[in-house]
Amino acid sequence: MFTKILIANRGEIACRVAATAKRLGVKTVAVYSDADANAKHVAVCDEAVHIGGSAPKDSYLRWERIIEAAKATGAQAIHPGYGFLSENEDFAKACADAGLVFIGPPASAINAMGLKAESKRLMELAQVPLVPGYHGADQDPALLQREADRIGYPVLIKASAGGGGKGMRAVDKAEDFAAALDSCKREAINSFGDDAVLVEKYVQRPRHIEIQVFGDTHGNCVYLFERDCSVQRRHQKVLEEAPAPGMTPELRARMGEAAVAAAKAVKYVGAGTVEFIVEQPGGYDAPEQMKFYFMEMNTRLQVEHPVTEAITGLDLVEWQLRVASGEPLPLRQEDLRITGHAIEARICAENPDNNFLPATGALNVYALPECVTFERGAVRVDSGVRQGDAISPFYDSMVAKLIVHGDTREQALARLDEALAQTHIVGLATNVQFLRRVARTDAFTNARLDTALIPREQAVLFHQEPVGLPLAAAAAVAQTLLKERTSEGVDPFSRRDGFHTHGVVQRRFEFEFGGEHAKAWLTYERGGSLRLAVGEGDAAVAGPLVFSARADGIELQFAGQRARAAVYAQGEVDHVFTPLGATQITAIDLLAHAGEAAAEGGRLTAPMPGKVVSFAVKAGDVVTKGQPLAVMEAMKMEHTIAAPADGVVQELLYAPGDQVTEGSELLKLVVAEKA
Ligand code: ADP
């Protein structure tokens with residue numbers, strides 16, 4: 001085994017590799033860009049080397065610099081993670097030339113699987129089933145059109161050098177083929193510098209099922225079963241699970257053996273994934289009729305490898321390190337077993353309601369469910385960030401991976417839902433609530449899977465507002481009252497809700513919710529109970545408000561709803577998380593806006609019940625706009641009331657120490673005529 005390795009990556013995968021290395025007593029060297037100087041992956045490694053600017057081409061893709069760093073620090077091997085240099089055969093070769101072990105397959109295997117068309121030709125020889133199609137070298141447009149016509153529509157044009165869901169065009173009819181081909185070639189040359197394409201049958205309602213394979217340098221190769229990654233958006237994986245629902249032992253063995261044949265055809269070493277597209281001619285209820293076709297092989301560790309770890313009880317990074325250091329595979333095919341069911345959800349900084357636009361910003365709140373990290377457990381979160389870290393525009397938008405494991409799929413689903421509900425991220429848009437909705441669709445719950453699940457279910461997935469105004473307002477009010485209670489201490493006479501001794505007192509709140517203005521009234525009733533009325537007229541919802549603070553939020557009862565809510569204030573915005581979903585409600589600071597009302601009517605009124613602390617002016621004073629006039633105390637906090645406009649103070653209507661009710665006029669101001 002190595003004594004020191006360099007991890008040529010960042011984020012969660014760098015932290016993931018470091019965790020296993022640490023467990024095995026292998027020292028780690030991190031590399032980092034300018035943007036990542038304070039990143040978690042730098043903190044968790046034993047050493048770190050700065051390799052350049054924030055853009056990947058200036059750092060994580062600069063392989064000469066990375067090899068220098070490995071040599072300078074005495075690392076014996078380089079783990080490339082996924083993305084960046086992981087499937088770069090030149091890098092794999094350069095490592096070998098520098099006397100370093102590349103923790104991955106031989107350069108020749110990367111090369112053989114690098115181009116979709118080339119790899120299909122090889123797979124054909126190895127008798128791995130292929131999607132009917134054309135993957136020849138002749139790229140004459142007329143020939144491609146004839147091939148498409150022969151295959152029959154709809155067809156898919158794919159950039160041979162493509163990846164990450166880019167460079168694909170579905171074509172429904174012959175007339176559209178030429179235009180789609182042009183556009184696909186343009187995208188391919190721009191994104192991959194190579195405009196070769198292949199054409200294949202566009203499989204209807206397909207599933208994406210991939211097989212994890214592992215080879216060693218002694219000629220052994222096994223499959224670690226399958227993962228179903230059918231739930232995708234724009235050809236990118238969203239939820240992944242293992243085993244694949246409906247998979248029969250017979251089909252699993254056939255797919256596993258085909259994947260091993262594919263790996264052996266390229267003398268594969270290390271962790272790899274053979275991706276299959278699976279046709280369901282008998283529909284969702286006849287999985288035994290599923291037909292699988294080779295799509296491509298990914299010659300690296302995949303993002304979704306933890307679901308395989310969860311069901312096999314293995315650490316795939318440990319296997320990678322063992323194989324790279326020359327050891328044989330730890331287990332044989334017949335020793336491998338599946339236990340339970342695992343699902344992974346990719347938590348991304350993006351806005352699903354705005355076409356999944358990536359979001360950047362700081363993770364002001366990053367609260368996770370109770371979980372383990374980088375090891376197997378019922379709830380596991382693999383993440384490369386900490387609270388307070390920023391998601392920068394330079395790298396991909398994945399914040400964390402949430403992986404759940406249960407005895408059954410049903411149990412795993414229940415854990416997933418609960419864990420997502422307990423994942424509270426504030427500071428930037430994420431897909432957490434969207435993931436919950438996807439996992440809760442009937443289609444996913446009942447494992448009616450195919451790659452079009454998300455577009456088909458869009459009506460229930462996008463632009464949802466599961467938490468209504470009453471619950472959001474009740475949570476915001478409860479949070480305010482709890483904050484006041486803690487700041488006021490235990491002295492009953494100083495407590496804000498001591499007002500009930502003078503009779504019934506009402507307090508007004510105003511909110512901005514879902515783009516609408518809303519009012520709420522809180523009544524302190526005799527005996528100390530609270531009553532809340534949210535909204536006006538027919539839409540008003542009123543009833544007792546009961547709440548108590550818990551370690552993980554507020555236990556809340558209002559208007560027939562009972563929920564555990566967590567509320568995080570960011571300026572005036574309260575981010576409310578409940579088991580129903582998450583929402584935002586903005587509390588309008590009535591004191592801050594007091595002047596606005598005054599500007600219209602020439603009256604300066606108390607926006608809330610409270611006490612007059614002092615006046616900063618006397619009758620006859622000339623004041624300018626914004627000048628402090630009076631200080632009021634409400635909610636145990638002092639609030640300054642400023643002049644809404646230039647003018648002259650005519651009269652003070654109260655004295656310091658007076659209690660005033662909401663709406664009481666505090667002083668009269670004669671507003672100066674505009675010049
Ligand atoms: P990439 O390398 O960009 O990830 P893949 O070839 O792996 O591209 O395909 C990505 C996704 O596109 C698949 O998971 C599947 O959803 C869809 N896809 C690919 N080929 C086909 C096909 N022949 N028919 C239908 N869908 C396909």
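FYI, the numbering just counts along the sequence from 1. As a basis for the values below, the full set of heavy atoms in this structure was taken, side chains included, without hydrogen atoms, waters or symmetry mates. Read the numbers this way: they start at 1 and go in the same order the structure lists the ligands and their atoms.
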Presence of salt bridge, R169 and D182, under 4.0 angstrom: no

Contacts of type salt bridge (Lys or Arg N to Asp or Glu O under 4.0 Å), residue E457, not counting sequence neighbours: none

With K116, the side chain to side chain donor-acceptor pair (under 3.5 Å) member among H135, E200, E296: E296

Contact list for residues 191-211, test ring pair (Phe, Tyr, Trp, His ring centres under 6.0 Å), sequence neighbours left out: none

For ligand 1, what N or O to protein N or O distances fall under 3.5 Å?
| unit_1 | atom_1 | unit_2 | atom_2 | d |
| --- | --- | --- | --- | --- |
| ligand 1 | 2 (O) | K116 | NZ | 2.5 |
| ligand 1 | 2 (O) | E296 | OE1 | 3.3 |
| ligand 1 | 2 (O) | E296 | OE2 | 2.8 |
| ligand 1 | 3 (O) | G164 | N | 3.0 |
| ligand 1 | 3 (O) | G165 | N | 2.5 |
| ligand 1 | 6 (O) | K116 | NZ | 3.3 |
| ligand 1 | 6 (O) | K158 | NZ | 2.9 |
| ligand 1 | 7 (O) | E275 | OE1 | 3.1 |
| ligand 1 | 7 (O) | E296 | OE2 | 2.9 |
| ligand 1 | 8 (O) | K116 | NZ | 3.2 |
| ligand 1 | 12 (O) | H235 | ND1 | 3.1 |
| ligand 1 | 14 (O) | H208 | ND1 | 2.8 |
| ligand 1 | 14 (O) | Q232 | OE1 | 3.4 |
| ligand 1 | 14 (O) | Q232 | NE2 | 2.8 |
| ligand 1 | 16 (O) | Q232 | OE1 | 2.7 |
| ligand 1 | 20 (N) | K158 | NZ | 3.0 |
| ligand 1 | 20 (N) | E200 | OE2 | 3.3 |
| ligand 1 | 23 (N) | E200 | OE2 | 2.9 |
| ligand 1 | 23 (N) | K201 | O | 2.9 |
| ligand 1 | 24 (N) | V203 | N | 2.9 |

All ring-ring contact (aromatic ring centres under 6.0 Å, His included) counterparts of Y268, not counting sequence neighbours: none

E64 atom CD, over 12 foreign heavy atoms within 6.0 Å: yes

